There are 2 protein chains.
Amino acid sequence: MNSASYHHGNLRQALLDAALLLIRQRGIEQLSLRAIAREVGVSQTAPYRHFADKNRLLVEIAIQTFNELAQHCQAALQADASTPENIRLCGLAYLHFAIANPERYKLTFGQSIEHRQDYPELMAAGMDSFAVLLDLVEQGIQDGSLLALDAQLMANTCWSTIHGFASLAIDGFYQRQCLTLSNDQLINNMIDLATRAICRQPPDLMKNTDQ
Amino acid sequence: MNSASYHHGNLRQALLDAALLLIRQRGIEQLSLRAIAREVGVSQTAPYRHFADKNRLLVEIAIQTFNELAQHCQAALQADASTPENIRLCGLAYLHFAIANPERYKLTFGQSIEHRQDYPELMAAGMDSFAVLLDLVEQGIQDGSLLALDAQLMANTCWSTIHGFASLAIDGFYQRQCLTLSNDQLINNMIDLATRAICRQPPDLMKNTDQ
DNA sequence: CAAGGATGTGTGCGCTGTCAACTTAAGGCC
DNA sequence: GGCCTTAAGTTGACAGCGCACACATCCTTG
């Protein structure tokens, strides 16, 4: 492979990598297709050989992010832990990932991607990562640790809480506090509350729960 | 006032109104300052007499939206209802507003506004609308209907759940279902679960809660 | 070794946010 | 009433953007 070849060799992945780099550096809002091409060192229209349009490139990154997120959450589970405890671990891992990769998280869940419904692979990747939580909830229903309600309902509630917190934190609604994971205590407490919503026998929370 | 006057008279508000109209019609992503000016019938730079830049105009809309949202939630409360019931009503009103005004909600909470931390009035408006919920939670702690935990923690948890659900629903993660309020039942159940997280004596949920 | 598809380039269009310089209208002061 | 400051709106321009089109170059396969 001659280094200054006309053909790049692996432009598709190089573009994705460059996009991730620029997103991390300057945020999604500032991301332009031309800047990505510039970063890689190709002409501004070269990306169109590999992605139908800018949106399609973002979709690709979102899919990868969904997969990584699911993997990250799955890896946090422990075989010998109770189901509620595993739900807690899953939520914690989710928040860690979101806060460690705020720009990617915003890209994946935010408005940067247009007409996300039109991309079945993207929706499927989202469902797949949601399935990690859904499986846990179904397991909890069966082993009796969770309420005997609709699994989708309970999983969605948990997901909403975690996603809502991640979004609010990332978008700066909690200013400085919470965004650093040094403040793990608050995140832990919130996740405890979230799981309390669906547990059959809610755990004692802190000292004064009195129930 | 001659009708075809050089000076508009109330251009500032006219621009805000036009912006809301265009947002409702074509979404935030498509909103351009020039289109707003075109809609009002002034030159493309006229808005700069009233707003420092596009971002500042969006901030203004977000502030108004925060205020309306808070007002909407406040109006849903009932003097003779229990605190948990009022929290439920508040969350319900919040979701109604969000789903009825998806584009404005996205604008207010999403990434369209850059550097929101740099606008103290915006942050204050956000805090003010959050205060509606926070007050309820503090009241619930005092009257003993809620857990004796940190009020900020519990209010944040509730807010995260509701905001998370609104975001996911608006961004299409639940596809058709849920987005129509004809499906009130699901929203109601979710809010019940969310309040269960912080209630001292969680209410019976549906038939099979068995506790 | 020729052909042809895949991959990358160059140029250009219409759109955007924003700026500087200009024009117009309105209101206060003598 | 005439003048002058100032707020409000206009004109024209610039750089950057996504994208479409025609063209150049290379690799592969027969």
Side-chain angles (χ1 to χ4, degrees), chain A residues 1-19 21-23 25-62 107 110-116 118-119, chain B residues 1-19 21-23 25-62 107 110-116 118-119:
Chain A
M1 309 278 178
N2 39 355
S3 63
S5 165
Y6 187 93
H7 285 70
H8 182 279
N10 194 10
L11 184 54
R12 182 186 165 86
Q13 191 56 48
L15 289 168
L16 290 172
D17 293 343
L21 180 70
L22 292 175
I23 285 174
Q25 283 178 357
R26 282 185 272 260
I28 312 164
E29 307 297 331
Q30 310 296 337
L31 183 70
S32 81
L33 216 45
R34 289 161 109 110
I36 297 173
R38 236 177 281 131
E39 175 75 22
V40 174
V42 293
S43 76
Q44 58 197 14
T45 52
Y48 286 91
R49 287 292 146 189
H50 301 274
F51 303 96
D53 53 20
K54 184 187 180 187
N55 206 42
R56 198 58 188 73
L57 186 145
L58 297 182
V59 165
E60 199 62 33
I61 297 180
L107 162 60
Q111 318 152 24
S112 308
I113 295 177
E114 299 185 333
H115 308 114
R116 58 189 330 137
D118 298 346
Y119 302 90
Chain B
M1 310 280 176
N2 39 354
S3 64
S5 166
Y6 186 92
H7 285 70
H8 182 279
N10 195 9
L11 184 53
R12 181 185 166 85
Q13 192 55 46
L15 290 169
L16 289 173
D17 293 344
L21 179 70
L22 292 176
I23 285 175
Q25 283 179 357
R26 282 185 272 260
I28 313 163
E29 306 297 333
Q30 311 295 338
L31 182 69
S32 80
L33 215 46
R34 289 164 107 110
I36 298 173
R38 237 177 279 132
E39 175 75 22
V40 175
V42 294
S43 74
Q44 57 199 15
T45 51
Y48 284 91
R49 288 291 144 190
H50 300 274
F51 303 96
D53 53 20
K54 185 188 180 188
N55 205 43
R56 197 59 187 74
L57 187 147
L58 298 183
V59 165
E60 200 63 32
I61 296 179
L107 162 61
Q111 318 151 26
S112 308
I113 294 178
E114 299 185 332
H115 308 116
R116 57 189 332 136
D118 298 347
Y119 302 90

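Every chain is numbered from 1 and lettered A, B, ... according to where its sequence line falls, protein lines coming before strand lines. Computed from a prediction, not measured in an experiment: that's the story for all the values here.
Distance, A:N10 CG to C:dT7 C1': 13 Å, rounded to whole Å. Per the geometry, CG belonging to A:L58 stands 12 Å off C1' belonging to D:dG18, to the nearest Å. Going from atom CG of A:L11 over to atom P of D:dC27 covers 15 Å, rounded to whole Å. Whole-Å rounding puts the A:R12 CZ to C:dG8 P distance at 12 Å.
Contact check for A:I23 versus A:I61: side-chain heavy atoms found under the 4.5 Å cut-off. A heavy-atom distance below 4.5 Å is not found between the side chains of A:L31 and A:L107. At a threshold of 4.5 Å between non-hydrogen side-chain atoms, the residues B:F51 and B:L33 do not count as touching.
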Inset, instruction - Spell out protein contact along nucleotides 11-21 of chain C as letters: B when the base is contacted, S when just the sugar-phosphate is, - when no protein heavy atom is under 4.0 Å; keep the 5' to 3' order. - result: BB---BBBB--

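The shortest non-hydrogen separation linking B:Q111 to A:G110 is NE2-CA, 3.2 Å. Between A:R56 and A:Y119 the shortest heavy-atom distance is CD-CE2, 3.4 Å.
In summary, of the residues considered (B:L11, B:L21, B:L57), a side-chain contact (heavy atoms from CB on, under 4.5 Å) with B:L16 occurs for B:L57 alone.
Distances shown here put every side-chain N or O of A:H50 at or beyond 4.0 Å from the OP1 or OP2 atom of C:dA6.
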